[in-house]
Amino acid sequence: MINITLPDGSVKQVSKGSNALDLARQISEGLARNVLAAKVNGKVIDATLPLYEDAHLTLLTWNDPEGKSTMWHSSAHLMAEAIELLYPGVKFGIGPDIENGFYYDIDFCDYDISEKDFSKIEKKILELAKEKQTYQRKEVSKADALDYFSKKGDEYKLELIQDLEDGQITFYKSGQFTDLCRGPHIPNTGFIKAVKLTKVAGAYWRGDENRKQLTRIYGITFPKKKELTAYLEMLEEAKKRDHRVLGKELGLFTFSQKVGLGLPLWLPRGAVLREQLEQYLKRVQKEAGYEPVITPHIGNVNLYKTSGHYQKYGEESFKPIKTPVEGEEFFLKPMNCPHHCEIFNSSPHSYKELPIRYAEFGTVYRYEQSGELHGLTRVRGFTQDDAHIFCTPDQIKSEFNGVIDIVQQIFTAFNFNDVIIQISLRDPQHPEKYIGSDENWEKAENAIKEVAEERGLNAIVEYGEAAFYGPKMDFMVRDAIGRKWQLGTIQVDYNLPERFDLTYIGADNEKHRPVMIHRAPFGSMERFVAVLIEHCGGNFPLWLSPDQAIILPISEKYQNYAEKVLLLLKKHEIRTVIDDRSEKTGRKIRDAELKKIPYMLIVGEKEEASGSVSVRKHGEGDLGTFSIEDFAQKINSEVNKLINY
RNA sequence: GCCAGCAUAGCUCAGUUGGCCAGAGCAGCUGAUUUGUAAUCAGCCGGUCGGGGGUUCGAAUCCCUCUGCUGGCUCCA
């Protein structure tokens with residue numbers, strides 16, 4: 001007998017050679033029916049793999065992330081089996097599970113594949129799933145593995161096997177499909193009750209654009225049909241919230257072929273929204289000791305030679321523009337830091353002045369490949385809520401703290417309650433990849449780690465993800481329907497101060513090198529607005545809404561009164577409009593609801609007589625009658641509460 | 001840039017296998033209506049069917065090409 005310790009600390013005894021499934025049956029048949037895999041001593045394995053020693057064991061079901069991954073990975077195999085049956089002779093690359101489902105990269109040789117073929121493949125998958133095929137694990141020697149796939153004529157698998165160590169190679173066979181695979185897998189295909197192939201895309205073999213492009217088919221599976229339905233509903237919801245759709249509907253921004261790819265045009269209502277964001281951040285930054293600076297949209301090529309960006313990115317940038325007479329070259333600025341360095345350099349600095357914080361809503365231009373452009377989240381011209389902090393190495397920690405304060409304040413203000421923080425540090429194996437002294441790196445990395453710890457931030461630490469010039473902290477948020485977005489970033493930089501020969505005079509009367517911190521809490525205005533639109537589904541918080549209130553006169557007779565109300569509300573800086581069309585009230589309300597205007601003010605005979613407005617809140621309904629003054633107070637206090645001064 | 005799909009009025013979409021002056025709803029304009037918490041009625045305007053080339057007696061429809069959009073891949077200061 002062996003002792004198996006479960007997560008709750010209880011110990012079960014099972015006979016040697018039993019597997020996780022046997023153990024589950026000991027607990028309950030119902031549990032056993034749901035076990036997808038098992039985690040043994042921290043490693044996920046097949047639930048059917050025999051156990052020979054005492055171990056800590058967790059049974060994994062659909063409710064565990066690892067259970068889902070296992071199921072999806074097994075689904076990739078099942079899809080491959082279905083495809084092989086339907087299209088004999090195709091060759092397989094890799095087929096992993098991903099965050100939402102799985103994919104398989106397949107060389108379809110002479111077959112043409114498009115989304116039209118999905119339903120056929122889905123049908124086949126479900127058919128095979130019903131057979132409850134088991135996934136049989138088999139250890140094979142490298143020679144046998146090579147032999148199998150050379151007979152099959154699958155050069156991709158052969159290439160993968162070449163890189164593997166003999167003795168560590170396993171095959172999994174389900175139904176008629178055998179695949180090179182390290183596992184683990186679900187007990188049998190019967191768990192897969194619903195499948196949806198989601199997209200087809202080209203993907204280079206091993207991500208290398210010089211190699212053959214395979215066809216990647218994405219899919220997702222579920223243990224219950226109902227879950228697939230819910231997933232499809234979520235996708236529908238995401239579609240409705242798509243910032244490109246809402247941006248058009250709400251008149252926020254547009255694109256023009258004539259202006260150019262990836263160059264957003266902000267419409268008046270979008271500009272109001274963006275201006276609110278900028279004003280808000282400017283106020284927060286002013287309080288935090290930032291000084292605004294303004295720099296031009298272009299910079300001499302020498303600026304980027306000094307910064308090093310020319311060498312690194314010159315080829316992938318918009319080509320430089322030239323002065324007509326001298327032939328001097330200028331780049332559209334791809335970032336603001338070099339300009340800010342020169343501002344710092346424009347006068348000598350004492351240690352007493354540090355930290356110096358230059359902030360600018362700087363518009364930058366980057367050449368993105370045409371296929372990469374996407375709404376406002378991926379553009380060629382965008383405005384960063386940029387700032388650069390010049391400080392001493394000892395000040396890094398407190399500056400980091402200050403920036404995190406701002407970031408958190410912002411996330412709270414916008415109701416992003418689920419924030420994921422990633423700290424990116426050096427790869428300890430390859431110190432040569434980074435510039436700057438070990439001592440400085442350690443100081444900065446420790447500062448970041450300490451700050452995270454002291455603040456109790458739930459941060460993921462990733463080694464080897466740092467930029468070559470310094471460690472960084474990135475902020476991701478989860479939106480209202482669970483999608484992850486990368487927003488703000490804080491980066492420590494030892495490189496640019498060196499390249500621009502930035503100095504300050506220390507207390508010892510000697511020159512010292514300052515450290516630079518790049519930071520952008522929103523990331524870019526474009527991206528942030530896009531994420532915000534999708535997060536709130538276009539129902540902006542009152543303080544950001546382009547129109548905060550709309551006055552709906554019952555008929556033309558109350559037009560004068562409506563204008564009087566408008567004037568009063570404008571005096572209170574409430575963004576208000578009037579719907580003076582000759583329409584019925586129901587129609588005006590409907591249109592205002594569709595435009596997602598937070599407050600509708602209905603005015604007719606009663607209201608005019610008593611100097612009041614009848615208030616209807618977007619999405620909620622009638623709130624009753626308020627005097628104009630009371631309504632203005634209500635709005636303003638609501639706005640103040642939302643921005644949380 | 002690469003793979004796949006798509007492109008019909010400002011927007012959302014019809015337009016069977018190529019065949020009369022290319023349709024609808026919404027929006028817009030004009031008029032009537034003067035309206036009380038999610039769509040008042042009528043009329044009008046609006047399109048070289050993304051651009052170019054080809055096949056055909058005849059092309060929105062078939063072929064080629066370019067442009068743009070969508071979903072991926074690759075890259076991202």
Side-chain angles (χ1 to χ4, degrees), chain A residues 98 103 105 108 112-118 198-218 235 239 242 244-245 248-249 251 254-258 260-262 304 307-317 331 333-338 364-375 378-380 384 386 467-469 472 486 489 491 493 495-496 518 520 552-559 580-595 600-607 614-625:
Chain A
I98 51 175
Y103 66 79
D105 283 346
F108 273 93
D112 270 336
I113 277 307
S114 77
E115 289 180 18
K116 290 189 195 89
D117 304 294
F118 281 4
T198 47
K199 48 207 167 204
V200 53
Y204 299 108
W205 173 234
R206 308 205 122 176
D208 182 345
E209 60 182 304
N210 297 313
R211 307 197 60 179
K212 181 155 184 177
Q213 192 160 36
L214 306 181
T215 305
R216 176 172 296 179
I217 296 184
Y218 287 87
L235 290 185
K239 233 188 208 166
D242 190 321
R244 293 164 303 178
V245 174
K248 190 180 267 177
E249 275 175 20
T254 188
F255 289 89
S256 148
Q257 245 188 78
K258 274 192 187 129
L261 288 186
Y304 302 107
S307 72
H309 293 111
Y310 179 82
Q311 293 83 329
K312 207 160 177 214
Y313 299 104
E315 284 306 305
E316 301 155 37
S317 298
F331 272 99
K333 72 174 167 186
M335 81 296 306
N336 305 298
C337 22
V364 298
Y365 301 90
R366 296 177 186 176
Y367 174 79
E368 302 284 357
Q369 296 190 93
S370 58
E372 267 313 295
L373 302 169
H374 178 93
R378 205 56 189 259
V379 287
R380 284 180 173 169
Q384 295 178 309
D386 212 358
F468 75 94
Y469 51 79
K472 61 180 183 175
Q486 153 99 53
T489 178
Q491 308 182 353
D493 185 356
N495 181 40
L496 286 181
H518 308 246
L552 312 177
I554 296 283
S555 84
E556 247 167 46
K557 288 182 225 155
Y558 312 106
Q559 180 67 17
D580 57 6
R581 294 173 304 167
S582 127
E583 291 287 354
K584 289 170 128 175
T585 308
R587 176 56 185 271
K588 293 185 182 183
I589 286 171
R590 180 185 150 80
D591 288 346
E593 289 281 358
L594 290 175
K595 280 199 240 160
M600 286 151 273
L601 308 176
I602 294 137
V603 297
E605 193 180 346
K606 276 185 290 178
E607 289 76 12
S614 185
V615 180
R616 179 188 166 103
K617 191 166 184 180
H618 167 62
E620 287 182 26
D622 198 350
L623 297 188
T625 306

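The structure displayed is predicted, hence computed values, not measured ones.
Under the Watson-Crick or G-U wobble criterion, with both distances below 3.5 Å, B/rU55 is left unpaired in every strand shown. Taking a pair to require two hydrogen-bonding distances under 3.5 Å in either a Watson-Crick or a G-U wobble arrangement, B/rA4 pairs with B/rU70. Base-pair partner of B/rA14: not found among the strands shown (Watson-Crick or G-U wobble, both distances under 3.5 Å). Across all strands shown, B/rA9 has no partner, as no Watson-Crick or G-U wobble contact with both distances under 3.5 Å is found. B/rG43 is paired with B/rC29 under the criterion used here, namely a Watson-Crick or G-U wobble arrangement in which both key atom distances are under 3.5 Å.
With both ends at atom P, the span from B/rU16 to B/rG50 equals 15 Å, rounded to whole Å. Comparing the C1' positions of B/rC3 and B/rC45 gives a spacing of 43 Å, expressed to the nearest Å. When the P atom is used for both B/rU61 and B/rU56, the distance is 16 Å, rounded to whole Å. Comparing the same atom, C1', in B/rG51 and in B/rU12 gives a spacing of 24 Å after rounding to whole Å. As rounded to the nearest Å, B/rG19 and B/rG23 have P atoms that lie 14 Å from one another. Taking the P atom of each, B/rA4 and B/rU40 are spaced 48 Å apart, rounded to whole Å. Only the P atoms considered, B/rC41 is 12 Å distant from B/rG25, to the nearest whole Å. Of the C1' atoms belonging to B/rA24 and B/rU37, the separation is 31 Å, rounded to the nearest Å.
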Is there any protein nitrogen or oxygen under 3.5 Å from a nitrogen or oxygen in nucleotides 1-3 of chain B, and what are the pairs?
residue, atom, partner, partner atom, Å
B/rG1, OP2, A/S370, OG, 2.5
B/rG1, N9, A/Q369, OE1, 3.3
B/rG1, N2, A/Y204, OH, 3.2
B/rC2, O4', A/Y204, OH, 3.4
B/rC2, O2', A/Q213, OE1, 2.2
B/rC2, O2, A/Q213, NE2, 3.3
B/rC3, O4', A/Q213, OE1, 2.7
B/rC3, O2, A/G202, N, 3.3

Taking only nitrogen or oxygen atoms into account, show me every contact under 3.5 Å that the protein makes with nucleotides 40-51 of chain B, one pair per line with its distance.
residue, atom, partner, partner atom, Å
B/rU40, OP1, A/E583, OE1, 3.4

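Under the salt bridge (charged side-chain N to carboxylate O under 4.0 Å, His left out) criterion, A/K212 pairs with A/D107, sequence neighbours left out. In this structure, the side-chain hydrogen bond (donor to acceptor under 3.5 Å, both in side chains) partners of A/D386, at least two apart in sequence or on a different chain, are A/N336. Looking at residues two or more places apart in sequence or on another chain, you find a salt bridge (charged side-chain N to carboxylate O under 4.0 Å, His left out) between A/D105 and A/R216. Under the side chain to side chain contact (heavy atoms under 4.5 Å, CB included) criterion, A/R378 pairs with A/E368, A/E372, A/H374, not counting sequence neighbours.
The separation between A/I554 atom CD1 and B/rU33 atom C1' is 15 Å, rounded to whole Å.
Between A/D591 and A/K595 there is no salt bridge, since no side-chain N of the basic residue sits under 4.0 Å from a carboxylate O of the acidic one.
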